[in-house]
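Structure first, then comments.
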Number of protein chains: 2
Amino acid sequence: MHKNLKNHNSSCLDCNNINCIINSNLIKGNHLKLIENKKILKCKKGQQFIMEGALVNGLFIIMEGKAKVFRTGINGREQIVRFAKEGEIIGHRGFGTEEYYPIGAIALEDTLLCSFTKEHLQEALLNNAKLSYDMMLFYANELNRSENKVKTISQMTVRERVIDTLLYINRKFGTTDGFLNLTLSRKEYADYAGTTEEQVIRTFSSLKKEGLINTRARHISIFDVDALKAEISQHNFFLDS
Amino acid sequence: MHKNLKNHNSSCLDCNNINCIINSNLIKGNHLKLIENKKILKCKKGQQFIMEGALVNGLFIIMEGKAKVFRTGINGREQIVRFAKEGEIIGHRGFGTEEYYPIGAIALEDTLLCSFTKEHLQEALLNNAKLSYDMMLFYANELNRSENKVKTISQMTVRERVIDTLLYINRKFGTTDGFLNLTLSRKEYADYAGTTEEQVIRTFSSLKKEGLINTRARHISIFDVDALKAEISQHNFFLDS
DNA sequence: AAAAAAAACTGCGAAAAGGCAGTTTTTGAG
DNA sequence: CTCAAAAACTGCCTTTTCGCAGTTTTTTTT
């Protein structure tokens with residue numbers, strides 16, 4: 001997984017992560033401070049790299065790997081708000097005037113992160129309208145997704161939310177040999193879908209009996225994507241997410 | 001309510017709406033196209049000025065009045081995602097490449113709106129890093145609020161969500177003579193809290209019996225803000241919203 | 001001011017979701 | 001490969017939430 005680590009120059013100039021918002025907005029000779037002060041972080045699977053409530057020091061971009069972003073609620077119950085992959089930004093408001101991270105983040109597999117300090121980032125943003133504009137679009141898109149999720153959790157049944165989650169993982173991470181490329185525990189499915197582990201297990205059982213999915217321990221394959229989509233389609237008047 | 005309409009020059013230069021993100025980023029002699037092409041819209045109470053799924057033509061800023069922003073789900077059930085007041089932006093992604101509005105918006109009282117086309121806005125954003133930066137901060141803040149709302153709806157009981165809604169309205173719109181400055185129907189409370197009209201009514205009844213609030217038809221006053229805050233405090237580890 | 005319409009309210013039974021406790025399967029460490 | 005710990009699973013009962021149906025109050029219209 002980390003075989004490429006040594007090839008990754010700590011500078012962005014040689015980085016081939018085309019989805020990175022910073023990388024695609026680099027102007028020759030500009031933002032040297034930002035790039036020079038970038039740090040690369042290596043996280044093992046399960047390692048938490050943003051602590052909820054900790055002092056903000058900057059913003060992360062995933063160079064390689066996957067992570068979950070969450071908030072902790074009552075009785076330590078986790079609400080996963082997003083899964084992130086290569087090129088994506090993590091660390092809301094790791095800039096501006098905010099003091100503390102409102103979210104936590106944990107690597108779901110061995111992961112490489114680029115870390116930028118908020119001071120250098122802020123300077124770059126205020127000097128590069130295109131970069132600010134792209135960041136704005138990123139947040140506007142995330143807001144759209146999140147507001148849709150509010151509706152989803154509020155209006156769908158548990159079964160529908162579990163299906164919605166399966167389709168989201170399928171869409172975002174894809175499959176290999178029919179199996180979803182991101183393996184999660186039942187508890188993590190529950191934490192994203194806003195329900196309990198038992199309900200996810202029960203729903204998976206039903207879907208399996210109905211021939212819509214297959215589960216081999218933690219590896220899940222979806223047999224009939226269209227049937228699942230159809231089951232929740234009545235909720236999605238105007239949607240991408 | 002509209003007595004000031006005639007005093008509002010259609011230009012931003014004389015506008016005294018200090019909370020307006022456009023107004024506070026005007027640079028002398030710049031963004032003339034944006035300002036000159038601004039349109040002012042007059043909405044009566046109850047009037048819908050953004051249709052869900054309609055073609056995007058731009059973005060609105062409230063000059064005067066209040067509005068609700070919502071998404072329609074199954075069986076036409078509304079999920080209110082936000083209430084907006086003077087100076088606030090409405091019309092997510094009324095710029096960029098999006099084609100359709102993912103949200104609807106309705107005026108909650110007689111309201112004046114400033115409307116900017118997406119072309120002129122985009123031009124201004126790409127030429128003014130500070131404006132883009134401020135817009136980015138707005139969306140990042142809204143994202144924070146929205147992701148917190150996901151957790152709230154997912155983890156709180158109905159009673160707690162209703163209390164959370166009351167406190168949100170109190171915080172955002174304040175009170176006059178003890179009564180909340182925004183009057184909503186029970187159905188609208190339910191649509192924001194993610195429950196049904198009946199449950200809101202039942203909760204209001206209980207809170208009234210317990211001496212925590214008072215209701216005079218649609219006018220609501222909160223007697224004991226601290227007690228309400230205390231009841232939901234265990235959910236809010238790290239929070240503002 | 002009266003009538004009509006809309007909103008608020010209440011009780012009750014039904015459905016959905018949750019939570020516990022015990023069993024089986026899978027995973028990961030040595 | 002073995003064993004211990006973690007995760008997955010199932011049944012059963014409890015709690016929460018929902019939704020209907022009928023009544024009362026408030027608001028709006030004429």
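Remember, it's a predicted structure, so these values are computed and weren't measured experimentally. Chain letters run A, B, ... following the sequence lines, proteins first, then strands; residues in each count from 1.
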Problem - Name of the residue among B/Lys45, B/Lys66, B/Lys68 meeting salt bridge (Lys or Arg N to Asp or Glu O under 4.0 Å) with B/Glu109 - result: B/Lys66
Handout entry: Outermost nucleotides of DNA chain C that come under 4.0 Å of a non-hydrogen atom of chain A
Key = C/dA17 to C/dT27
Handout entry: Protein-nucleotide distance (B/Arg186, atom CZ; D/dT27, atom C1'), rounded to Å
Key = 13 Å
Problem - Euclidean distance, atom CD of residue B/Glu198 to atom C1' of D/dT16 [Å, nearest integer] - result: 15 Å
Problem - Nearest atoms (heavy-atom pairs only) where B/Thr183 meets B/Arg218 - result: CG2-O, 3.8 Å
Problem - Strand-adjacent residues in residues 203-219 of chain A, judged by heavy atoms under 4.0 Å from DNA chain D - result: A/Ser205, A/Arg218
Handout entry: Ionic contact status for A/Glu231 with A/Arg159, cut-off 4.0 Å
Key = yes
Practice task
Would you check if there is a donor-acceptor pair between the side chains of A/Asn57 and A/Tyr101 at a distance under 3.5 Å?
Solution key: yes
Practice task
With B/Ile80 as reference, evaluate B/Val69, B/Asp191, B/Ile103 under the side-chain contact (heavy atoms from CB on, under 4.5 Å) test and give the passing residue.
Solution key: B/Asp191
Exercise for the section: Report yes or no: do A/Ser115 and A/Lys38 form a side-chain donor-acceptor pair below 3.5 Å? Expected result: no
Practice task
If C/dG19 has a Watson-Crick or G-U wobble mate with both distances under 3.5 Å, name it; if not, just say none.
Solution key: D/dC12
Fill in the blank from the handout: Tightest non-hydrogen contact, residues A/Gln79 and A/Gly194, listed as OE1-CA, 4.0 Å
Exercise for the section: Measure from the side-chain N and O atoms of B/Lys151 to the backbone N and O of B/His235, and report whether any donor-acceptor pair falls under 3.5 Å. Expected result: yes
Practice task
Ignoring hydrogens and angles, state whether a donor on the side chain of A/Ser221 or A/Asn214 is under 3.5 Å from an acceptor on the partner side chain.
Solution key: no
Problem - Pair B/Glu88 + B/Lys172: basic N to acidic O under 4.0 Å - result: yes
Practice task
Mark yes or no: B/Lys149 above the aromatic ring of B/Tyr192, with NZ or CZ under 6.0 Å from the six-membered ring centre and no more than 45 degrees from the axis.
Solution key: yes
Problem - Close approaches to DNA chain D from residues 187-195 of chain B, in residue order (heavy atom, under 4.0 Å) - result: B/Thr195
Problem - Comparing B/Glu197 and A/Gln199 on DNA chain C - which has the more 5′ nearest nucleotide - result: B/Glu197
Practice task
For B/Arg202 and D/dT17, give me the distance from atom CZ to atom C1', rounded to whole Å.
Solution key: 8 Å
